[in-house]
Amino acid sequence: MAKRAKAKKGTSGGDVDTNEAGVVATTATGSGVAGLIVYGIAVVYLCAFSSLWTQLPGLYFTDGLLPVDGLLRRVEPEQGIASRDGLAQALSSLPSLLWVFKHFGLHSDVALELTVVLGVVCSALACLQPWARCKIVFAMLWLLYVSVYKVGQTFLHFQWDILLLEVGALAMFLAPWWHRKHLQASTRTDRSIGLFLIKWLAFRLMFASGIVKLTSWCPTWWNLTALDWHFESQCIPTPAAWFAHQLPSWIKRFGVASTYVVLIGMPALFFVPVPRQVARFGALATLFLQLLIMSTGNYNFFNLLTVVLIVAALRDDDVCWLVPSGLRSTFGFAQTPASQPPSIMARAFGPLSNLALVCGVGVVFSALFGADVEWEGADNVWGLPSLHTHVGFSKQEFLWFTSHATLAAMVLGTVALVGAIAASLWSGFKQRSVILVTQSILAATVATALFAASLMPLSYLHEDVGARLPTPVRQIHAALDPFEVTHSYGLFRRMTGVGGRPEVSVEWTEDDGKTWHEVEFKYKPNALDNPLPAIAPHQPRLDWQMWFAALGRHEHNPWLVQLCIKLMEGSKAVRRLLPPQSPGLARATAMRMRLWKYHFTNTSSPSKDQWWWRESDGVYMTELNPSRQAAWISRFQDHYGFSSARGLESCDGLCWVLSRLRAGVEAAGDAVCPAWGADVFLPVGFAVGVIGWVVLLLADCCSPTGRARTA
């Protein structure tokens, strides 16, 4: 019989034992999960900064669509920012590091690019070097991204941008002060608090995204027909979206009902401590939903960031097998998972609890949405039966549920926070360290403030809940609101594109309107036979905003008019946001916009090589001719501050280095993939990274040590 040696401290900060075979067994302390989350946040930061970098000139430089220099000039105090008082006033009105860089003489364009490049460098270091995954680096990353977000205007105000800011602030709880093995114990006291805050954010994101779909009273969400339109109407569909659109209607209705169960019901399981299968089941269900969304839509880094949040609901031995053995100590895992065979009770209780969870979810699903099997009907495929689902509750009943479930969620979060703080304090007391106890108290204070501030956005789900919140909670939220650390969420509140996907086409002419040509975009639907892209985690900001513009009017999107003006002026920065096709665009003398409704083709369509068919839906913007409307264009640019931007008078050393560096990346991208340019590096690099990770796992499993563990 194997004898146990004395317990010792492992690299993860947890207690480890070694047996005669030298196999290490470790208790679950959460250090490995925390390490994975910190690494995942660094990867997301790298995706966000690098995706934005090459788009800066066309979006924000002086010759771009929304010049940052014009924005800063409008906000800049009258006395300027040369003095400390002027700088302080500017920072209070628009918090951003760009003011500091301008204070030292940098132009707005250079200051913005320097901010983004610093973000790329810091996040790349955090991905590649364990010593860079520390509180100081993550504080710098958060400060850099919030600086860009504050001046990003329309192109940077997405829910995933504010989600990254909130997650980035919480990353400072999980990251150590600096990465040294002999200091790893110092992070154990606030790790439990950090993991709770991450889980609480994951819960709020999922829960709110499910609730708002039904409280919007959108007929497609209530009739369970939202997926009949979602796949073709989302911003940038993937090829898998076309195939998903062809699925039978009953499968898509079942998918909508399942989405409600996963988004609203599963996140509450994150906080169930025992049995551990409950939290694992909730996490795996939400992870599976995220993988389905990733496969059918190009949602940049949003799904990746959501997956990172959900990992907080798991334990070290749930996810350590996803990390190659050579990298486990880097993330905080022990070198090998526990090798002790489970007890007889664990063997019996584990499968039974999983079966009970599946049966319980099935019963709840059947009670809420029905599960009538139909053996004959239009939805039946290959002679197989279909499953008919429907909403089995009224709107008043759901409002009652929303009110009580939101209050229950707040109570659940409070109890979980108290437990995390108690675990943190106990860890400090157990080590008899005044420093660690003090650190726990400080972390508990900050976490309590963040949790209280997050209750206000959560209360927006139901007005009665907001009325019950105490005044101190409102005051804390108001005090923390400028720091962008708590937000309300709720994606796809209403289903757009019902009856056809709205799309705006930009057209140009060089012969006074006799012949019109369409402007090609890189990723949004244009030509009917253009292949659907797979570009995540890159986000083409212009293509995304074109999708939102089609849902409104051009009067509400002045940047769209500016797009036409800049293209006719021959702006090279704006032209780089488009593919290299349409060489005659430089000769454009007038532009207009038309509105279309796009539809996916189906398997019975006569045009087998086309992904779309479309129908005209009228004029979006009438002809814009600079030679005839010069006075109107001047007034338009003055009104929106586009003309107040001032270009670089001279290019200093830093400006030259940044521009040469970006030009080198763009030239390499054009050589590799002319259609996508530098955009190609992010999705390809991410795919190569994932493949390399999988190869390491396979090699680990095929090694003698891996086969021994499997056996």
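- Atom NE2 of H477 is separated from atom CG of L458 by 11.0 Å, given to the nearest 0.5 angstrom.
- Residues M410 and S454 have side chains not in contact (no heavy-atom distance under 4.5 Å, counting atoms from C-beta outward).
- Considering every non-hydrogen atom in both E232 and P237, the closest pair reads O-CG, 4.4 Å.
- Inter-residue side-chain proximity for V504 and L595 is flagged as met; some heavy-atom pair is nearer than 4.5 Å.
- Around atom CH2 of W217, more than 12 heavy atoms belonging to other residues, nucleotides or ligands sit under 6.0 Å away.
- Checked by atom type and distance alone, the side chain of Q234 never pairs as donor or acceptor with a backbone atom of A241 at under 3.5 Å.
- Residues L309 and F270 are not in side-chain contact: their nearest non-hydrogen atoms beyond the backbone lie 4.5 Å or more apart.
- A distance-only check finds no donor-acceptor pair linking the side chain of H230 to the backbone of A226 [under 3.5 Å].
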Any chance you could lay out the side-chain contact (heavy atoms from CB on, under 4.5 Å) test for F288 and V262, step after step, and finish with the verdict? CA-CA 10 Å; F288 181 70; V262 173; over 6 Å; no
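- Heavy-atom contacts from other residues, nucleotides or ligands closer than 6.0 Å to CD of Q396 number 12 or fewer.
- Taking OG1 from T402 and CG from L407, the interatomic distance works out to 11.0 Å, rounded to the nearest 0.5 Å.
- You'll find the side chain of W559 reaches within 4.5 Å of the side chain of L542, heavy atoms only.
- Within the 4.5 Å cutoff, the side chain of P540 has no heavy atoms near those of the K522 side chain.
- Although no hydrogens or angles enter the test, the distance criterion places no donor-acceptor pair under 3.5 Å between the side chain of Y260 and the main chain of L368.
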For a side-chain contact (heavy atoms from CB on, under 4.5 Å) check, start with the C-alpha distance between L287 and L291, then their side-chain angles and the critical distance, and finish with the verdict. CA-CA 6 Å; L287 285 172; L291 293 177; 5.5 Å; no
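- By the 30° and 60° cut-offs, the orientation of the rings of F548 relative to F158 is tilted.
- Enclosure of atom CZ in F483 is not indicated, since only 12 or fewer non-hydrogen atoms of other residues, nucleotides or ligands lie within 6.0 angstrom.
- Rounded to the nearest 0.5 Å, atoms CD1 (I41) and CG (L164) are 8.5 Å apart.
- A distance-only check finds no donor-acceptor pair linking the side chain of E518 to the backbone of N526 [under 3.5 Å].
- One finds the CD1 atom of I310 at 12.0 Å from the CD1 atom of I198 (value rounded to the nearest 0.5 Å).
- Contact detail for W250 and L387: the closest heavy-atom pair is CE3-N, 3.3 Å.
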For a side-chain contact (heavy atoms from CB on, under 4.5 Å) check, start with the C-alpha distance between T220 and V498, then their side-chain angles and the critical distance, and finish with the verdict. CA-CA 8 Å; T220 62; V498 176; 3.7 Å; yes
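- Tested against H245 for a ring pair (Phe, Tyr, Trp, His ring centres under 6.0 Å), the candidates W612, W611, F231, F600 yield a single pass: F600.
- H554 meets the ring pair (Phe, Tyr, Trp, His ring centres under 6.0 Å) test with no other residue; sequence neighbours excluded.
- Counting heavy atoms of neighbouring residues, nucleotides and ligands inside a 6.0 Å radius, atom CD of E615 exceeds 12 of them.
- Using a 4.5 Å heavy-atom threshold, the side chains of I162 and Y489 count as touching.
- Residue R553 places its CZ atom among 12 or fewer non-hydrogen atoms of other residues, nucleotides or ligands, all under 6.0 Å distant.
- Rounded to the nearest 0.5 Å, atoms CE (M206) and OG1 (T286) are 7.0 Å apart.
- Ring pair F196/F451 is tilted by interplanar angle, where 30° to 60° counts as tilted.
- Considering only residues two or more places apart in sequence or on other chains, E166 meets the salt bridge (Lys or Arg N to Asp or Glu O under 4.0 Å) condition with R204.
- To the nearest 0.5 Å, the span separating CE on M495 from CG on N223 amounts to 12.5 Å.
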Between E484 and K150, does the salt bridge (charged side-chain N to carboxylate O under 4.0 Å, His left out) criterion hold? Intermediate values first, please. CA-CA 10 Å; E484 307 293 344; K150 288 293 186 180; 2.8 Å; yes
Would I421 and T448 count as a side-chain contact (heavy atoms from CB on, under 4.5 Å) here? Give the steps. CA-CA 9 Å; I421 292 175; T448 302; 3.8 Å; yes
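- A heavy-atom distance below 4.5 Å is not found between the side chains of M621 and L560.
- With contacts defined as side-chain heavy-atom distances shorter than 4.5 Å, the pair Y39/V43 qualifies.
- The aromatic rings of W222 and F393 lie perpendicular to each other, with more than 60° between the two planes, well past the 30° mark.
- Minimum heavy-atom separation, R474 to L469: NE-O, 3.6 Å.
- When each of F155, W160, Y523 is checked for a ring pair (Phe, Tyr, Trp, His ring centres under 6.0 Å) with W544, only W160 meets the rule.
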